[in-house]
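Notes to accompany the following structure.
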Amino acid sequence: MAPEPAEFDVVVVGSGAAGMTAALTAARHGLRVVLVEKADTFGGSTARSGGGVWIPGNEALRKAGIADTPEEARAYLKHVAGEGVSAERQQAFLEHGPDMLAFVTSRAPLTFAWVPGYADYYPEAPGGKACGRSVEPVPMDAHVLGSEEANLNPPYLPVPDGVAITQGDYRWLSLGPRHPRAILAGMKFTGRLVRGRLLRQRTITLGQALAAGLRAGLLAAGVPVWLNTPMTGLVTEDGRVTGIEVTRSEVTRSEVTRSEVTGSEVTRSEVTRSEVTRSEAGGEPGTADHAGGVPAGPAVIRAKLGVILAAGGFERNAEMRRRYQRGPVGADWTTGGTGNTGDAIVAAEAAGAALDLMDDAWWGPSIPLPKGPYFLLAERSLPGCVLVNGAGQRFVNESAPYVDAVHAMYDGDATGTPHIPSWLVFDQRYQSTYVFAGRQPGRRFPKRWYEAGVVRSAPTIAGLASEIGVDPRALEKTVARFGEFAASGRDADFHRGDSAYDRYYGDPRVRPNPNLAPLERPPFYAVQMVPGDLGTKGGVVTDARARVLRADGSVIPGLYAAGNTSATVMGHSYAGAGATIGPAMTFGYLAALDLAGGR
Ligand SMILES: Cc1cc2nc3c(=O)[nH]c(=O)nc-3n(C[C@H](O)[C@H](O)[C@H](O)COP(=O)(O)OP(=O)(O)OC[C@H]3O[C@@H](n4cnc5c(N)ncnc54)[C@H](O)[C@@H]3O)c2cc1C
């Protein structure tokens with residue numbers, strides 16, 4: 001006889017910021033919750049990310065003395081999100097975001113701090129803030145997770161153990177080791193490293209800290225997180241979602257790792273038995289529960305109250321990307337979590353959900369490096385580089401918010417001039433001064449980058465143009481004109497450096513405009529740029545309570561969505577650093593509150 005399906009009040013799918021916030025909220029409101037995760041690690045894109053959280057008016061911003069009003073925040077979000085995004089959802093995000101963050105910090109070992117001066121992406125728009133509304137997790141010790149630390153999804157960029165850099169540090173470190181603020185930032189993270197070693201801690205920051213903090217909150221709340229347990233479909237009865245189908249894989253890395261951590265040799269059957277016992281006991285706070293007695297293979301998990309889909313976007317699903325998005329596109333240029341293949345979006349659509357914003361993503365110009373894309377942030381804003389298209393001409397403010405820069409790449413391609421790939425062109429002064437793609441200033445680019453054709457160099461601009469197949473005269477003209485802008489401090493073509501956001505990643509030593517410097521010192525370099533992304537932003541349509549809607553606006557009972565599984569409250573834009581995670585956590589929280597209220 002088949003075993004009875006496991007049953008919980010709430011089933012959460014996906015262990016990123018949205019899912020873990022939802023599970024924590026539901027559990028702390030007295031509901032029995034399980035979280036299922038497809039991967040053999042928890043944290044998804046969230047753990048890989050910068051961990052920035054954009055929520056106007058939150059406690060950490062108030063503590064930092066940031067002057068803001070609900071009216072300003074409302075005006076700004078309305079301006080950024082545009083007409084297509086429901087005013088009720090915008091309001092729900094702004095109203096409940098600060099409560100959500102206060103709740104999370106009271107129930108998980110997380111503290112947030114303002115990222116000094118990280119401007120909103122449109123600070124000059126109505127209600128925009130040049131001082132910024134982004135917060136990030138304060139560095140924390142990964143050991144709070146106990147043995148579960150081994151199951152934290154690694155960061156996007158590998159860092160030596162214990163080296164913990166914050167978003168605030170990154171701005172200064174990108175200016176190269178000689179800048180006084182970079183020296184200070186270096187001293188800070190060295191201090192963290194030494195302190196960590198002395199106290200036998202492993203200090204983590206950014207998305208690692210966010211995911212670890214949320215997971216620690218779930219451990220304390222006794223919420224089981226089942227790794228290697230992909231949702232394969234939704235269970236629907238009489239139009240109501242009543243559970244999910246999963247297919248648990250045979251042997252899990254987490255189980256093996258855990259036995260490695262305890263040092264004992266545990267076979268799979270022994271692990272399963274102990275998990276069953278724990279599950280029957282209802283899960284012990286402080287211990288990880290990765291199986292809960294659900295056997296390997298297909299199974300059903302019932303949800304008495306509802307299912308919250310928080311399984312990320314579809315950035316890793318090349319077929320879906322080609323179906324919904326402009327080409328050239330695929331799954332190779334994304335830095336998003338590897339498990340994000342749109343499963344929850346597909347399942348929700350099959351249950352009747354409407355979809356929106358599927359053509360868009362959290363884009364950013366990226367280098368298609370042989371080992372995976374590198375998403376450029378400060379590099380485009382630092383003075384002494386220009387981004388040119390296949391005609392050797394600039395086509396966008398290089399310092400523009402990353403989503404806008406890629407929109408310009410796609411828009412331009414449609415006009416017949418190839419903007420994909422485009423090329424970031426710079427000189428030896430730039431290369432010797434600034435950190436580029438994580439490499440220290442002046443360090444030669446690896447041979448394999450040249451071999452892969454992503455970097456070219458030449459002693460003259462005309463020579464470089466020939467290397468990348470653009471008209472030498474056109475590129476010389478572009479570089480000469482840019483030199484004039486640098487001298488006058490005004491970019492008459494694309495207004496680079498006019499916005500406080502551009503200047504955040506500029507070089508304050510360079511005057512009169514911290515984003516503009518001439519390209520004069522040979523050799524010259526060109527680095528290939530393609531439309532990369534941090535994940536997709538389209539998904540199922542939800543209301544202000546995170547309930548999933550059909551095309552006619554009716555609610556699908558029992559079904560909720562948050563994070564990149566849902567169409568974002570940011571519309572086609574990006575309000576500021578953290579504008580994906582802030583709403584993801586807030587709508588995860590709201591989904592759980594709705595379920596708790598409707599008990
Ligand atoms: C390098 C990088 C830096 C970034 N920096 C920032 C930043 O500073 N601030 C910001 O706001 N955003 C940032 N982002 C974007 C941000 O990380 C994501 O938009 C956000 O974390 C998405 O959260 P989520 O909860 O929706 O999904 P995720 O965190 O991706 O979690 C989804 C989880 O669902 C799991 N899953 C998928 N399918 C299934 C299934 N069928 N069954 C069970 N589980 C499933 C996945 O394996 C994954 O673990 C960054 C992204 C990257 C890659």
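Each ligand, and each atom within it, is numbered from 1 in the order the structure gives.
- Under 3.5 Å, the side chains of Asp404 and Tyr122 contain a donor-acceptor pair of N or O atoms.
- Under a 4.0 Å criterion applied to the non-hydrogen atoms of Gly563, ligand 1 contributes the atoms 26 (O).
- Salt-bridge formation is not detected for the pair Arg326/Asp359: no Lys NZ or Arg NE/NH1/NH2 atom is positioned less than 4.0 Å from an Asp or Glu carboxylate oxygen.
- Near Ala18, meaning under 4.0 Å from any of its heavy atoms, are these atoms of ligand 1: 25 (O).
- Tyr402 is linked by a ring pair (Phe, Tyr, Trp, His ring centres under 6.0 Å) to Tyr121, Phe375, Tyr574, counting only residues two or more places apart in sequence or in another chain.
- Of all the atoms in ligand 1, the ones that sit under 4.0 Å from a non-hydrogen atom of Gly43 are 29 (O).
- Looking at Ala310 against ligand 1, only its backbone comes within 4.0 Å, counting heavy atoms.
- Short contacts between ligand 1 and Gly312, defined as distances under 4.0 Å to a heavy atom of the residue, involve ligand atoms 26 (O), 27 (O), 32 (C).
- Not one N or O of Val13 is nearer than 3.5 Å to an N or O of ligand 1, by distance alone.
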Please list, one pair per line, the donor and acceptor atoms closer than 3.5 Å that link side chains of residues 107-119 to other protein atoms, with sequence neighbours excluded.
from	atom 1	to	atom 2	distance (Å)
Trp114	NE1	Cys131	O	3.2
Tyr118	OH	Tyr505	OH	3.0

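- Any N or O atom pair closer than 3.5 Å counts here, and Asp343 shares at least one such pair with ligand 1.
- Neither the backbone nor the side chain of Ala577 comes within contact range of ligand 1; no heavy atom lies under 4.0 Å.
- Judged by the 6.0 Å and 45° rule, Arg321 forms no cation-pi pair with Trp333.
- Polar contact check, Asn340 against ligand 1: a nitrogen or oxygen pair lies under 3.5 Å apart.
- For ligand 1, the polar-atom distance check finds an N/O of Gly50 within less than 3.5 Å of one of the ligand's N/O atoms.
- Taking a cut-off of under 4.0 Å to the non-hydrogen atoms of Arg48, the atoms of ligand 1 that pass are 1 (C), 2 (C).
- Residue contact check: Ser45 has heavy atoms under 4.0 Å from atoms 17 (O), 21 (O), 28 (P), 29 (O), 30 (O) of ligand 1.
- Counting protein heavy atoms only, atom 43 (C) of ligand 1 is closest to Lys38 N, 3.2 Å.
- Across Met20, Glu37, Met231, heavy-atom proximity to atom 49 (O) of ligand 1 is greatest for Glu37.
- Applying the 4.0 Å criterion to heavy atoms of Thr335 picks out, from ligand 1, the atoms 53 (C).
- Close contacts of ligand 1 with Val36, meaning ligand atoms under 4.0 Å from a residue heavy atom, involve 43 (C), 44 (N).
- Contact annotation: for Gln167 versus ligand 1, heavy atoms closer than 4.0 Å belong to the side chain alone.
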